Chemist: 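Following this message is one structure expressed as structure tokens.
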Amino acid sequence: MCGIVGYSGQKNSLMILLDGLRRLEYRGYDSSGIAIKDNDKIYNRKAVGEIKELEAKIGDKQIEGNVGIAHTRWATHGTPTEANAHPHCDCQGKIWLVHNGIIENHQKLKKQLQKEGHKFSSETDTEVVAHLIEKYYQGDLAQALKKSLHDIEGAYSFVAFHKDEPSRLVAVKKGSPLVLGLAEDGVIVASDVTAIIKQTRDVIYLEDEEIVDINGSNFDIFNLANEYKKKKAMYVDWSIEQLEKNGYPHFMLKEICGQPETVTDSLRGRLVAEEGNVKLGGLDNIAKELNDMKDLISVACGTAYYACLVGEYMLEEYADLSTKSIVGSEFRYRKYCFNKNSVILGVSQSGETADTLTAIKEANKKYITTLGIVNVVSSSVARATTAGIYNHIGPEIAVASTKAFTSQLVTLSLLTVYLGRIRNMSFPMGQRIVQELEKLQEKISKVLENEEKIAGIAKKYYQVPNFAFLGRKYNYPIALEGALKLKEISYIHAEGFAGGEIKHGSLALIDKNFPSIFLVPEDSVYEKNLGNIQEIKARGGNVIAITTEGNKEVAGIVDEVIYIPKTLEMLTPILSVIPLQLFAYHMAVIKGKDVDKPRNLAKSVTVE
Ligand code: M6R
């Protein structure tokens, strides 16, 4: 979604703002803009398209100014045009502001402001706020912004400045993330910590309805009741290398190929083989609730939701725990039968997905224990949940989630052992899972050796317009994930099915032009899968199969085979998804698509 950067300090703000915008590119955007206070003038430029278009507009112009704001916009209200790009300003060009989120009552507010004489120059909901602040402004930007908030409905984060208040930047958030970076030379405020860490690793996450009033290196945080908030900075340990491609052509490939290490990072310090158990310090404070838990309800979106579906199979089979998964955007609108021993689990890479966060907040209102599996430390989901497990895999930059998915599966298997051992999982069973988890790094590296072969298969199939992805049991959600990956970055239509379900209707689609990718490892549903493959072959459909190393039977029936090492059935998804990630990647590359930033999508979906 949209990205925000603001700076007030001793340095020239232009380079800091542009660097921040470039680091936010991965989130997805369609236009960008900056506004800098340059002595008594405002320097403002906007461009449609990539940041380099904005840089071209700025050219070699020397811009002075230590205070500025910048934005990448992902269009919601109004098409991607320069007029609609942020920053927006009031009628007199004095109040400048960038915004993430949606102002739900903007039409009503706009009509009212127009009646009062305000002139608008964009179709955005954001501009309304610049005019509202203008209406309330009496020499104090923070107070005017605060008054405006009473009129606004929706989710937002804003950063604003006023031409007549020299080094002042004011920011506020509600339902959309905002982080402060405390550098030696000043304060940087951004929607995402990736825009900050080149300047500083000391950050403060703002809570909803907190206002930060920045003046160079000084800042104060207040709430809406004007109460002063003392907040401690935390240290972010992500490195700059983690934010760069390090020789890979795309972040997505870097992230796919980094999975032997990231899976190990998620396991580090957590396996206790001699006890057949795992250590999850983040759950200690809810040990009693987990002990008494009768059912677990997982909430997530997209790829993270598919991880939860795999988790259902793991937790039910090995932890004897009734589990269901709900798509974040549906959670609020259905009635669920919770009881006081239910626990809600939010799974989110970014920790900022609005649909997942809203579900967690809804559960908190009902006093249900919430826990999170989150990658971004101190993100909104992490802060909203009572306890949790971090993925510890560094930033995921490509819009298509890959390393976060395998880490979510690993983390769910850790949770399975943890909860299973509290219930009736035996020591040998716990130990078996732990020992298999220890071997994942090596096995993932083996799967990655198939990359050239998979690139070759992509070359053969890249012109095909439709694909079916099939799997059963643990690999059914992987079929869904494989289809999502292909759609998302190569724009090829794909559908995921439970292997046994296709004959109930969708088999009608299959002919020689409609290939299937079948997940058929040697597991408890292997024979059944073989039967489904035969049904597809009998209708002339081509089949690409993912099966277990050494298997000859599958190779004898299908058109292409990719092998993965043998592991425990519950862990096969961690290996079987990787060929699907590589397949989607190579299809997109051959088709010349923007792999890391697919059209219409954003990395972190911070609106409902
Ligand atoms: O940050 P989150 O894990 O909460 O994101 C959830 C989904 O938006 C995300 O997984 C999305 O489906 C990916 N782009 C898929 O690759």
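The shown structure was predicted, so the numbers you read here are calculated from the model rather than taken from an experiment. First listed ligand is number 1; within each ligand, the first listed atom is number 1. Reckoned from all heavy atoms, side chains included, excluding hydrogens, waters and symmetry mates.
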Chemist: Quick one: list whatever passes side chain to side chain contact (heavy atoms under 4.5 Å, CB included) with Val399, sequence neighbours left out.
Modeler: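 Testing Val399 for side chain to side chain contact (heavy atoms under 4.5 Å, CB included), a comparison that skips the adjacent residues, returns Glu488, Pro598, Leu601, Lys603.
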Chemist: Would His99 and Tyr156 count as a ring-ring contact (aromatic ring centres under 6.0 Å, His included) if you check the C-alpha gap in whole Å, the side-chain angles of each, and the deciding distance to 0.1 Å?
Modeler: CA-CA 7 Å; His99 162 226; Tyr156 49 75; 7.2 Å; no
Chemist: What's the shortest heavy-atom distance between Leu448 and Cys257, and which atoms?
Modeler: CD1-O, 3.7 Å
Chemist: Can you list every salt bridge (Lys or Arg N to Asp or Glu O under 4.0 Å) pair that touches residues 448-463, not counting sequence neighbours?
Modeler: Lys460-Glu560
Chemist: Indicate yes or no for a side-chain donor-acceptor contact from Arg334 to the backbone of Glu330 under 3.5 Å, with no hydrogens or angles considered.
Modeler: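 Absent.
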Chemist: Between ligand 1 and the protein, give all atom pairs where both partners are nitrogen or oxygen and the distance is under 3.5 Å, as lines of names plus distance to 0.1 Å.
Modeler:
from: ligand 1; atom 1: 1 (O); to: Ser350; atom 2: N; distance (Å): 2.9
from: ligand 1; atom 1: 1 (O); to: Ser350; atom 2: OG; distance (Å): 2.7
from: ligand 1; atom 1: 1 (O); to: Thr353; atom 2: OG1; distance (Å): 3.4
from: ligand 1; atom 1: 3 (O); to: Gln349; atom 2: N; distance (Å): 2.7
from: ligand 1; atom 1: 4 (O); to: Ser348; atom 2: OG; distance (Å): 2.6
from: ligand 1; atom 1: 4 (O); to: Thr353; atom 2: OG1; distance (Å): 2.4
from: ligand 1; atom 1: 5 (O); to: Thr353; atom 2: OG1; distance (Å): 3.4
from: ligand 1; atom 1: 10 (O); to: Thr303; atom 2: N; distance (Å): 3.2
from: ligand 1; atom 1: 12 (O); to: Thr303; atom 2: N; distance (Å): 3.2
from: ligand 1; atom 1: 14 (N); to: Val399; atom 2: O; distance (Å): 3.0
from: ligand 1; atom 1: 14 (N); to: Glu488; atom 2: OE2; distance (Å): 2.5
from: ligand 1; atom 1: 16 (O); to: Thr303; atom 2: OG1; distance (Å): 3.3
from: ligand 1; atom 1: 16 (O); to: Ser401; atom 2: N; distance (Å): 2.8
from: ligand 1; atom 1: 16 (O); to: Lys485; atom 2: NZ; distance (Å): 3.0
from: ligand 1; atom 1: 16 (O); to: Glu488; atom 2: OE1; distance (Å): 2.7
from: ligand 1; atom 1: 16 (O); to: Glu488; atom 2: OE2; distance (Å): 3.0

Chemist: Looking at residues at least two apart in the chain, or sitting in another chain, which of them share a salt bridge (Lys or Arg N to Asp or Glu O under 4.0 Å) with Glu25?
Modeler: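 Only Lys597 meet the salt bridge (Lys or Arg N to Asp or Glu O under 4.0 Å) criterion with Glu25.
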